[in-house]
Amino acid sequence: MTNNTTEYKGNLFYAIIHTVEVCIPAENASLADELDKQEYIKSAFYRNAHVWAIINLNNYPNKSKSHIMCLSMFNKVFNEVLEKHGIRQYIIHRVDVAINTKWEYEKCYKLNCYLNNIDAVRAAIKNDYYTNDFKFERRTVKNKRGGYEFEIYNKEIESNGQNDAKTRLEFRFAGYADLTFENAIERTVEILNVLPKYIDKTNEMRIAELSSRYRLERENGHVISFTEFVTRYSEFIYNTTILNGVYSSFMEGKSSSWLYKYKLGGHTIELYTKRELKQYVTVLKNALLMYYNN
(Lines give C-alpha, C1' and ligand atoms only; values in the text may rest on other atoms or scores of the structure.)
Protein backbone atom coordinates (compact mmCIF):
# COMPACT_ATOMS: atom_id res chain seq x y z
CA MET A 1 0.00 0.00 0.00
CA THR A 2 2.83 2.39 0.82
CA ASN A 3 3.76 3.14 -2.81
CA ASN A 4 0.21 4.24 -3.58
CA THR A 5 -0.32 6.56 -0.61
CA THR A 6 0.12 10.28 -0.18
CA GLU A 7 0.49 12.22 3.07
CA TYR A 8 -1.05 15.23 4.79
CA LYS A 9 0.29 16.24 8.20
CA GLY A 10 1.47 12.71 8.89
CA ASN A 11 -1.74 11.03 7.73
CA LEU A 12 -1.69 8.74 4.70
CA PHE A 13 -4.32 8.84 1.96
CA TYR A 14 -4.99 6.40 -0.85
CA ALA A 15 -7.65 6.16 -3.54
CA ILE A 16 -9.74 3.22 -4.76
CA ILE A 17 -12.75 2.62 -6.94
CA HIS A 18 -15.22 1.38 -4.37
CA THR A 19 -18.43 0.13 -5.95
CA VAL A 20 -19.64 0.03 -9.54
CA GLU A 21 -23.17 -0.39 -10.87
CA VAL A 22 -23.58 -1.98 -14.29
CA CYS A 23 -26.62 -2.55 -16.50
CA ILE A 24 -26.52 -5.76 -18.55
CA PRO A 25 -28.99 -6.82 -21.29
CA ALA A 26 -30.44 -10.23 -20.35
CA GLU A 27 -33.20 -12.50 -21.59
CA ASN A 28 -34.17 -13.75 -18.13
CA ALA A 29 -33.34 -13.50 -14.42
CA SER A 30 -30.84 -16.38 -14.37
CA LEU A 31 -27.81 -14.06 -14.59
CA ALA A 32 -29.15 -11.93 -11.74
CA ASP A 33 -29.55 -15.06 -9.59
CA GLU A 34 -26.02 -16.16 -10.46
CA LEU A 35 -24.47 -12.79 -9.67
CA ASP A 36 -26.41 -12.29 -6.47
CA LYS A 37 -24.72 -15.34 -4.94
CA GLN A 38 -21.23 -13.88 -5.30
CA GLU A 39 -19.50 -12.20 -2.36
CA TYR A 40 -18.25 -9.37 -4.55
CA ILE A 41 -21.77 -8.52 -5.73
CA LYS A 42 -23.59 -6.26 -3.28
CA SER A 43 -26.90 -6.81 -5.08
CA ALA A 44 -28.24 -7.95 -8.43
CA PHE A 45 -31.78 -7.93 -9.78
CA TYR A 46 -33.65 -8.36 -13.05
CA ARG A 47 -35.88 -5.62 -14.47
CA ASN A 48 -37.16 -4.76 -17.95
CA ALA A 49 -34.94 -7.30 -19.76
CA HIS A 50 -31.82 -6.02 -17.96
CA VAL A 51 -29.76 -7.17 -15.00
CA TRP A 52 -28.63 -4.44 -12.64
CA ALA A 53 -25.62 -5.37 -10.52
CA ILE A 54 -23.73 -3.43 -7.85
CA ILE A 55 -20.19 -4.76 -7.68
CA ASN A 56 -17.41 -4.28 -5.16
CA LEU A 57 -14.37 -5.77 -6.84
CA ASN A 58 -12.29 -5.11 -3.74
CA ASN A 59 -14.07 -8.21 -2.38
CA TYR A 60 -13.05 -10.37 -5.36
CA PRO A 61 -12.67 -13.29 -5.20
CA ASN A 62 -13.47 -13.29 -1.47
CA LYS A 63 -14.12 -10.61 1.13
CA SER A 64 -10.95 -9.35 2.77
CA LYS A 65 -9.51 -6.20 4.29
CA SER A 66 -7.39 -5.54 1.20
CA HIS A 67 -8.16 -3.20 -1.69
CA ILE A 68 -7.28 -3.06 -5.36
CA MET A 69 -4.72 -0.30 -5.22
CA CYS A 70 -4.40 0.74 -8.87
CA LEU A 71 -6.67 1.30 -11.84
CA SER A 72 -4.86 -1.11 -14.17
CA MET A 73 -5.46 -3.98 -11.73
CA PHE A 74 -9.07 -2.88 -11.22
CA ASN A 75 -9.68 -3.03 -14.98
CA LYS A 76 -8.04 -6.45 -15.13
CA VAL A 77 -10.24 -7.83 -12.34
CA PHE A 78 -13.36 -6.21 -13.84
CA ASN A 79 -12.73 -7.88 -17.21
CA GLU A 80 -12.04 -11.19 -15.44
CA VAL A 81 -15.42 -11.02 -13.71
CA LEU A 82 -17.19 -10.18 -16.97
CA GLU A 83 -15.57 -13.13 -18.68
CA LYS A 84 -16.32 -15.45 -15.78
CA HIS A 85 -20.03 -14.72 -16.05
CA GLY A 86 -20.14 -14.53 -19.84
CA ILE A 87 -21.01 -10.82 -19.90
CA ARG A 88 -20.22 -9.20 -23.27
CA GLN A 89 -22.51 -6.20 -23.29
CA TYR A 90 -22.95 -3.75 -20.44
CA ILE A 91 -23.27 -0.10 -19.52
CA ILE A 92 -21.50 1.40 -16.51
CA HIS A 93 -24.27 3.30 -14.72
CA ARG A 94 -22.47 4.39 -11.56
CA VAL A 95 -18.90 4.63 -10.26
CA ASP A 96 -17.93 5.42 -6.67
CA VAL A 97 -14.44 6.86 -6.28
CA ALA A 98 -13.18 6.77 -2.69
CA ILE A 99 -10.24 8.32 -0.89
CA ASN A 100 -9.39 6.55 2.37
CA THR A 101 -7.31 7.60 5.34
CA LYS A 102 -6.54 6.30 8.81
CA TRP A 103 -6.94 9.86 10.10
CA GLU A 104 -9.66 9.71 12.77
CA TYR A 105 -12.99 11.13 11.60
CA GLU A 106 -13.31 13.49 14.57
CA LYS A 107 -9.81 14.89 14.10
CA CYS A 108 -10.32 15.84 10.44
CA TYR A 109 -14.05 16.56 10.75
CA LYS A 110 -13.78 20.35 10.63
CA LEU A 111 -11.34 20.37 7.72
CA ASN A 112 -13.59 18.00 5.78
CA CYS A 113 -16.66 20.10 6.55
CA TYR A 114 -14.77 23.09 5.14
CA LEU A 115 -13.98 21.11 1.99
CA ASN A 116 -17.58 19.94 1.79
CA ASN A 117 -18.93 23.49 2.08
CA ILE A 118 -16.65 24.73 -0.69
CA ASP A 119 -17.86 21.90 -2.93
CA ALA A 120 -21.48 22.78 -2.12
CA VAL A 121 -20.83 26.36 -3.21
CA ARG A 122 -19.09 25.14 -6.38
CA ALA A 123 -22.01 22.93 -7.37
CA ALA A 124 -24.72 25.30 -6.07
CA ILE A 125 -25.99 22.54 -3.78
CA LYS A 126 -28.14 23.03 -0.70
CA ASN A 127 -26.33 20.21 1.01
CA ASP A 128 -27.05 18.19 4.14
CA TYR A 129 -24.45 20.16 6.08
CA TYR A 130 -26.15 23.47 5.38
CA THR A 131 -29.60 21.98 6.00
CA ASN A 132 -28.52 20.74 9.44
CA ASP A 133 -26.28 23.69 10.23
CA PHE A 134 -25.68 24.67 13.86
CA LYS A 135 -27.14 21.45 15.30
CA PHE A 136 -23.67 20.15 16.24
CA GLU A 137 -24.31 16.62 15.00
CA ARG A 138 -21.17 14.62 14.25
CA ARG A 139 -22.62 13.08 11.15
CA THR A 140 -22.06 12.03 7.62
CA VAL A 141 -21.55 15.11 5.47
CA LYS A 142 -22.99 14.86 1.96
CA ASN A 143 -23.54 16.96 -1.14
CA LYS A 144 -26.04 15.58 -3.64
CA ARG A 145 -27.35 16.92 -6.91
CA GLY A 146 -28.56 14.98 -9.94
CA GLY A 147 -26.11 12.19 -10.67
CA TYR A 148 -23.38 13.59 -8.41
CA GLU A 149 -22.70 12.93 -4.73
CA PHE A 150 -19.82 13.83 -2.46
CA GLU A 151 -19.97 12.19 0.94
CA ILE A 152 -17.52 12.20 3.83
CA TYR A 153 -18.20 9.70 6.56
CA ASN A 154 -16.83 7.78 9.52
CA LYS A 155 -15.68 4.58 7.83
CA GLU A 156 -14.55 3.05 11.11
CA ILE A 157 -18.09 3.18 12.50
CA GLU A 158 -19.76 2.31 9.18
CA SER A 159 -17.61 -0.82 8.80
CA ASN A 160 -17.68 -1.76 12.50
CA GLY A 161 -13.90 -1.48 12.49
CA GLN A 162 -13.53 -4.05 9.71
CA ASN A 163 -12.03 -1.60 7.21
CA ASP A 164 -8.50 -0.26 7.57
CA ALA A 165 -9.74 3.28 6.87
CA LYS A 166 -11.13 5.50 9.62
CA THR A 167 -12.39 8.28 7.32
CA ARG A 168 -13.61 8.06 3.74
CA LEU A 169 -14.23 10.80 1.17
CA GLU A 170 -16.36 9.39 -1.63
CA PHE A 171 -17.28 10.91 -4.99
CA ARG A 172 -20.16 9.21 -6.81
CA PHE A 173 -21.17 9.62 -10.44
CA ALA A 174 -24.30 8.05 -11.92
CA GLY A 175 -26.27 8.28 -15.13
CA TYR A 176 -23.63 10.11 -17.15
CA ALA A 177 -23.26 9.21 -20.83
CA ASP A 178 -20.21 7.07 -21.57
CA LEU A 179 -19.27 6.81 -17.89
CA THR A 180 -16.01 4.91 -17.38
CA PHE A 181 -13.68 4.23 -14.48
CA GLU A 182 -11.13 6.52 -16.06
CA ASN A 183 -13.38 9.52 -16.56
CA ALA A 184 -14.92 9.11 -13.09
CA ILE A 185 -11.45 9.65 -11.63
CA GLU A 186 -10.77 12.45 -14.11
CA ARG A 187 -14.01 14.19 -13.09
CA THR A 188 -13.01 13.92 -9.44
CA VAL A 189 -9.60 15.46 -10.11
CA GLU A 190 -11.27 18.28 -12.08
CA ILE A 191 -13.62 19.00 -9.16
CA LEU A 192 -10.73 19.14 -6.70
CA ASN A 193 -8.75 21.36 -9.08
CA VAL A 194 -11.39 24.11 -9.02
CA LEU A 195 -12.34 24.00 -5.32
CA PRO A 196 -9.79 26.66 -4.20
CA LYS A 197 -11.46 29.14 -6.57
CA TYR A 198 -14.58 29.00 -4.39
CA ILE A 199 -12.91 29.73 -1.04
CA ASP A 200 -13.74 33.46 -1.12
CA LYS A 201 -17.40 32.88 -1.97
CA THR A 202 -17.65 30.23 0.75
CA ASN A 203 -16.18 32.68 3.26
CA GLU A 204 -18.74 35.33 2.29
CA MET A 205 -21.63 32.91 2.74
CA ARG A 206 -20.33 31.68 6.08
CA ILE A 207 -19.81 35.24 7.39
CA ALA A 208 -23.40 36.11 6.51
CA GLU A 209 -24.74 32.92 8.11
CA LEU A 210 -22.73 33.27 11.32
CA SER A 211 -23.50 36.97 11.66
CA SER A 212 -27.20 36.22 11.37
CA ARG A 213 -26.83 33.42 13.89
CA TYR A 214 -24.95 35.63 16.36
CA ARG A 215 -27.63 38.32 16.11
CA LEU A 216 -30.33 35.71 16.72
CA GLU A 217 -28.47 34.13 19.64
CA ARG A 218 -28.05 37.51 21.34
CA GLU A 219 -31.69 38.50 20.81
CA ASN A 220 -32.84 35.23 22.37
CA GLY A 221 -30.37 35.49 25.23
CA HIS A 222 -28.60 32.25 24.31
CA VAL A 223 -25.16 33.84 24.34
CA ILE A 224 -23.90 36.78 26.36
CA SER A 225 -20.57 37.54 24.72
CA PHE A 226 -18.74 37.15 21.42
CA THR A 227 -16.31 34.85 23.21
CA GLU A 228 -19.16 32.57 24.23
CA PHE A 229 -20.51 32.56 20.68
CA VAL A 230 -17.15 31.70 19.09
CA THR A 231 -16.58 28.94 21.63
CA ARG A 232 -19.97 27.44 20.83
CA TYR A 233 -19.71 27.81 17.03
CA SER A 234 -15.97 27.34 16.56
CA GLU A 235 -16.37 24.31 14.30
CA PHE A 236 -18.16 26.51 11.74
CA ILE A 237 -15.44 29.19 11.68
CA TYR A 238 -12.91 27.82 9.22
CA ASN A 239 -10.40 30.64 8.87
CA THR A 240 -9.39 34.12 10.04
CA THR A 241 -11.31 35.73 7.16
CA ILE A 242 -14.58 34.33 8.51
CA LEU A 243 -13.67 35.23 12.08
CA ASN A 244 -12.72 38.78 11.04
CA GLY A 245 -15.91 39.19 9.04
CA VAL A 246 -18.22 38.23 11.89
CA TYR A 247 -16.16 40.17 14.44
CA SER A 248 -16.22 43.43 12.43
CA SER A 249 -20.01 43.19 12.08
CA PHE A 250 -20.49 43.59 15.82
CA MET A 251 -17.26 44.56 17.53
CA GLU A 252 -14.78 47.43 17.44
CA GLY A 253 -11.03 47.12 17.31
CA LYS A 254 -8.91 44.39 15.77
CA SER A 255 -10.01 40.77 15.82
CA SER A 256 -6.35 39.73 16.05
CA SER A 257 -6.16 41.32 19.50
CA TRP A 258 -9.38 39.63 20.52
CA LEU A 259 -8.11 36.26 19.21
CA TYR A 260 -4.88 36.65 21.20
CA LYS A 261 -6.86 37.21 24.41
CA TYR A 262 -9.23 34.38 23.48
CA LYS A 263 -6.35 31.92 23.25
CA LEU A 264 -4.69 33.40 26.32
CA GLY A 265 -7.90 32.59 28.20
CA GLY A 266 -7.40 28.89 27.49
CA HIS A 267 -9.66 28.63 24.43
CA THR A 268 -8.61 26.84 21.24
CA ILE A 269 -9.90 27.16 17.69
CA GLU A 270 -8.70 25.52 14.46
CA LEU A 271 -8.28 28.06 11.65
CA TYR A 272 -7.06 27.01 8.20
CA THR A 273 -5.19 29.19 5.76
CA LYS A 274 -5.81 29.09 2.01
CA ARG A 275 -2.41 27.46 1.69
CA GLU A 276 -3.38 24.64 4.06
CA LEU A 277 -6.64 24.02 2.22
CA LYS A 278 -4.79 23.94 -1.10
CA GLN A 279 -2.24 21.52 0.36
CA TYR A 280 -5.04 19.22 1.48
CA VAL A 281 -6.69 19.34 -1.96
CA THR A 282 -3.33 18.55 -3.58
CA VAL A 283 -2.88 15.49 -1.37
CA LEU A 284 -6.33 14.21 -2.33
CA LYS A 285 -5.58 14.76 -6.02
CA ASN A 286 -2.23 13.00 -5.70
CA ALA A 287 -3.91 9.97 -4.14
CA LEU A 288 -6.25 9.78 -7.14
CA LEU A 289 -3.46 10.25 -9.68
CA MET A 290 -1.35 7.54 -8.06
CA TYR A 291 -4.27 5.13 -8.37
CA TYR A 292 -5.00 6.28 -11.94
CA ASN A 293 -1.44 6.04 -13.27
CA ASN A 294 -0.33 2.75 -11.69
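Side chains included, hydrogens not; waters and symmetry mates left out as well; all remaining heavy atoms used.
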Name of the residue among Tyr109, Tyr198, Tyr280, Tyr238 meeting ring-ring contact (aromatic ring centres under 6.0 Å, His included) with Tyr114 | Tyr238

For a ring-ring contact (aromatic ring centres under 6.0 Å, His included) with Phe226, tell me which candidate from Tyr247, Phe250, Tyr262 qualifies.
-> Tyr247

Heavy atoms of other groups near Leu216 CG, more than 12 under 6.0 Å = yes

Lys84 atom NZ, neighbour heavy-atom count above 12 within 6.0 Å | yes

Using a strict threshold of under 4.0 Å (side-chain N to carboxylate O), is an ion pair present between [Y] and [X]?
X      : Y      : answer
Arg206 : Glu209 : yes
Glu217 : Arg232 : yes
Lys274 : Asp200 : yes
Arg94  : Glu21  : no

Dump the intermediate steps for side-chain contact (heavy atoms from CB on, under 4.5 Å) on Ile242 and Thr202, then the final yes or no.
-> CA-CA 9 Å; Ile242 295 173; Thr202 302; 6.0 Å; no

Over all heavy atoms of both residues, which pair between [X] and [Y] is shortest? Give the atoms and the distance, please.
X      : Y      : answer
His93  : Leu179 : O-CD2, 3.6 Å
Pro196 : Leu192 : CD-O, 3.5 Å
Ser249 : Ser211 : OG-OG, 3.7 Å
Arg172 : Glu151 : NH1-OE1, 2.6 Å

When rounded to the nearest 0.5 angstrom, what is the spacing between [atom1] in [X] and [atom2] in [Y]?
X      : Y      : atom1 : atom2 : result
Glu156 : Asn163 : CD    : CG    : 10.0 Å
Leu169 : Asn100 : CG    : CG    : 8.5 Å
Ile118 : Ile191 : CD1   : CD1   : 13.5 Å
Asn239 : Leu271 : CG    : CG    : 7.0 Å
His50  : Cys23  : NE2   : SG    : 4.5 Å
Asn220 : Arg215 : CG    : CZ    : 12.5 Å

If we ignore hydrogens and angles and just use 3.5 Å, is the side chain of [X] paired with the main-chain N or O of [Y] as donor and acceptor?
X      : Y      : value
Asn79  : Asn75  : yes
Thr101 : Leu12  : yes
Gln38  : Glu34  : yes
Ser257 : Gly253 : no
Lys110 : Glu270 : yes

Set of residues satisfying ring pair (Phe, Tyr, Trp, His ring centres under 6.0 Å) with respect to Tyr148, sequence neighbours excluded = Phe173

Partners meeting ring pair (Phe, Tyr, Trp, His ring centres under 6.0 Å) with Phe78 (sequence neighbours left out) | Tyr90, Phe181

[X]-[Y] co-clustered via ILVMFWY side chain contacts under 4.5 Å:
X      : Y      : result
Leu195 : Leu289 : yes
Ile125 : Met205 : yes
Val194 : Val283 : yes
Ile91  : Leu82  : no

Would you say the side chain of [Y] lies within less than 4.5 Å of the side chain of [X], judging by non-hydrogen atoms?
X      : Y      : result
Val20  : Leu57  : no
Tyr292 : Glu182 : yes
Ile55  : Val22  : yes
Leu210 : Phe229 : yes
Val51  : His85  : no
Tyr40  : Asn56  : no
Tyr14  : His67  : yes
Glu158 : Arg168 : no

Residues [X] and [Y]: side-chain donor-acceptor under 3.5 angstrom:
X      : Y      : value
Glu106 : Asn154 : no
Asn286 : Tyr291 : no
Thr19  : Asp96  : yes
Glu80  : Tyr60  : yes
Asn244 : Thr241 : no
Tyr46  : Ser30  : no
Asn193 : Lys285 : yes
Asp178 : Asn183 : no

Test Met69 against Phe74 for side-chain contact (heavy atoms from CB on, under 4.5 Å), laying out the working first.
-> CA-CA 8 Å; Met69 296 300 293; Phe74 189 90; over 6 Å; no

Within 45 degrees of the axis of the six-membered ring of Tyr176 and under 6.0 Å from its centre: does Arg187 put its NZ or CZ there?
-> yes

Could you point out which residue of His18, Lys142, Glu149, Lys155 forms a side chain to side chain contact (heavy atoms under 4.5 Å, CB included) with Glu170?
-> His18

Paired with Ile152, the side chain to side chain contact (heavy atoms under 4.5 Å, CB included) test is passed by just one of Asn143, Asn112, Leu111, namely Asn112

Residues Lys9, Glu276; criterion salt bridge (Lys or Arg N to Asp or Glu O under 4.0 Å); working and verdict = CA-CA 10 Å; Lys9 295 187 176 180; Glu276 286 175 313; 3.2 Å; yes

So Val95 and Ile17, side-chain contact (heavy atoms from CB on, under 4.5 Å) or not? Walk me through it.
-> CA-CA 7 Å; Val95 178; Ile17 290 179; 4.0 Å; yes

Apart from Trp52 itself, its cluster of hydrophobic side chains linked below 4.5 Å comprises Phe45

is_close_aromatic(Tyr233, Tyr214), centroid dist under 6.0 Å = no

Check the pair Leu284, Leu115 against side-chain contact (heavy atoms from CB on, under 4.5 Å), reporting the backbone distance first and the verdict last.
-> CA-CA 11 Å; Leu284 299 178; Leu115 190 77; 3.7 Å; yes

